[in-house]
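Have a look at the structure below, then the notes.
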Amino acid sequence: MTIRVLFFAYLRERCGVREVDVELPEGASVGDLWQRLAARFPALPTEPPKFAVNRVYVDKGHPLHDNDELALIPPVSGGNQ
Amino acid sequence: MTIRVLFFAYLRERCGVREVDVELPEGASVGDLWQRLAARFPALPTEPPKFAVNRVYVDKGHPLHDNDELALIPPVSGGNQ
Amino acid sequence: MMKSSYRVTSDGIDTAAMLAEVGDAGAGGTTLFVGTTRNENEGRIVERLEYEAYEAMALEEMRRIGDEIARRWRVIAVCMVHKLGVVPIGQASVAVAVSAAHREEAFAACRYGIDTLKTTVPIWKKEFYRGGEHWVGPCHAHGVSGRG
Amino acid sequence: MMKSSYRVTSDGIDTAAMLAEVGDAGAGGTTLFVGTTRNENEGRIVERLEYEAYEAMALEEMRRIGDEIARRWRVIAVCMVHKLGVVPIGQASVAVAVSAAHREEAFAACRYGIDTLKTTVPIWKKEFYRGGEHWVGPCHAHGVSGRG
């Protein structure tokens, strides 16, 4: 199955990519995909960001399906005001 | 001494007066003036409103001086919103 | 030093102007509260409100509220405006704007401002509802019903 | 049924339009919060902020916040707008407006709205300060200093 992965903000800048398509075996979870990404993009932090699948926050155990859109969500703008 | 008394809102309507000058002996307090007003305006409620002298809230014991401006302050608009 | 301005007016309340007044390069957040005439109150169908003020004292009381805000919170600017006379349904009768470096203070000070304004500032509200009119006060003892 | 609208925009935020949108004959109070770019942050002299969004999800998250507001409080209307791109000092980056019959609900829901928006809506802020730039996050681990 193919998962579209979206990078934002400092992750986009660090990894130098806005989106990539990743091939994964059926039954893979968000955590499995994160392992794959960590290997491919050494600039990713060891501590994972938050994840959203199809625009809803999910945890690492969330099962993926073909054509899902996974977004890596770094800490949002919060604070300061 | 002469005290200017101001009536607002429902007190103004009930008593039919916006302001009156009252003559009082030296040393009179806000409470003394209220007694005088109650006798003169039977439409005033038995329970006194709040008082302000020269635009500052005071209690009944506050001493009056010549040319003071006493306002009878019914409950303000509060609530509702 | 906190900036402040306080007004009573017979014109409509210009909230955009108020936001501009409290604007500041050091402000991270501004909270604005606007009180408007509601078409219903305690089961009565309200047609309009009319406000009367002891103007000189109203402005002094607003200033005392602003001074207390400056003592309690780190606030950059405060603006309070109250409309007098007739205020139709949906129109603004009162507005309080507060800017601060952080939103915590802007919210707390704005809330304190409107709450205190409504209990201490000598402005009275007459409610004209279907079937009568009365001066609004905590005890509702001042009604003059058109029904008699 | 609560009215609601949610937007991200590259234009300036029109707070007067937002207040008009949440206006209602049943509203007694409206609370508006406006977040603006501050000229200082944690000792750095800020020159501007720049916002980037995961737009589709940002709008969905705003809607979820609005739905939660509708569940928790008796609110008439909610409007949330976030600006994207460059926001100079003193300009608005985000605004939340809430109208309700009573001010208690308008304040509580507006506060909840902005607090939640700032922790869950996927919009990121890059701070350009004198001497460098960095993405703002809770841990400040994402800095790229111009000083090296």
Side-chain angles (χ1 to χ4, degrees), chain A residues 2-22 29-31 33-34 37-38 40-81, chain D residues 8 33-44 46 49-65 82-84 87 90-96 111 114-127 129 133-144:
Chain A
T2 307
I3 309 297
R4 162 86 31 118
V5 181
L6 308 181
F7 296 69
F8 294 100
Y10 94 100
L11 294 178
R12 174 178 56 71
E13 289 190 353
R14 272 208 197 179
C15 298
V17 64
R18 194 174 290 273
E19 56 183 68
V20 293
D21 287 340
V22 177
S29 70
V30 167
L33 177 48
W34 173 250
L37 292 168
R40 180 163 161 192
F41 298 99
L44 283 174
T46 30
E47 190 68 24
K50 290 209 276 185
F51 301 106
V53 170
N54 302 334
R55 298 171 302 284
V56 176
Y57 286 109
V58 298
D59 60 28
K60 285 173 83 164
H62 185 86
L64 292 165
H65 300 96
D66 194 29
N67 292 319
D68 274 353
E69 178 180 277
L70 175 90
L72 306 178
I73 310 276
V76 301
S77 70
N80 187 22
Q81 284 160 358
Chain D
V8 293
F33 175 80
V34 186
T36 47
T37 298
R38 196 151 53 89
N39 59 6
E40 179 276 335
N41 188 32
E42 297 175 351
R44 294 180 299 276
V46 176
L49 296 174
E50 212 171 304
Y51 289 88
E52 170 178 336
Y54 179 13
E55 281 200 33
M57 182 173 167
L59 291 170
E60 289 187 22
E61 275 300 316
M62 287 183 187
R63 179 165 301 281
R64 282 189 271 269
I65 295 169
H82 207 301
K83 188 172 174 354
L84 301 182
V87 183
Q91 297 297 301
S93 54
V94 60
V96 176
R111 181 67 199 267
I114 184 65
D115 286 356
T116 311
L117 187 154
K118 283 177 158 287
T119 53
T120 73
V121 173
I123 296 181
W124 300 275
K125 172 163 67 180
K126 193 173 195 175
E127 185 184 285
Y129 56 93
E133 59 186 63
H134 77 160
W135 288 97
V136 178
C139 56
H140 297 288
H142 323 308
V144 179

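So you know, we letter chains A, B, ... as the sequences are listed, proteins then strands, and number each from 1.
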Over 12 non-hydrogen atoms of neighbours within 6.0 angstrom of CZ in D/Arg63: no
Side chain to side chain contact (heavy atoms under 4.5 Å, CB included) assessment of A/Arg55 paired with D/Leu59: CA-CA 10 Å; A/Arg55 298 171 302 284; D/Leu59 291 170; over 6 Å; no
Where D/Thr119 and A/Lys50 come nearest, the two heavy atoms and their spacing: O-NZ, 4.0 Å
4.5 Å side-chain heavy-atom contact, D/Tyr54 and A/Val76: no
Contact class of A/Leu6 relative to chain D, heavy atoms under 4.5 angstrom: side chain
D/Glu60 versus A/Asn54, closest heavy-atom pair with distance: OE1-O, 4.4 Å
Under 4.5 Å from any heavy atom of chain A - which part of D/Ala53: backbone
A/Glu13 with D/Lys126: basic N within carboxylate O range, under 4.0 Å: yes
A/Tyr10 versus D/Glu52, side-chain donor and acceptor atoms under 3.5 Å: no
Heavy-atom contact with chain A under 4.5 Å, split by part of D/Glu50: neither
Close side-chain approach of A/Arg14 and D/Trp135, heavy atoms under 4.5 Å: no
Residue pair A/Tyr57, D/Arg64: steps toward the side chain to side chain contact (heavy atoms under 4.5 Å, CB included) verdict: CA-CA 12 Å; A/Tyr57 286 109; D/Arg64 282 189 271 269; 5.9 Å; no
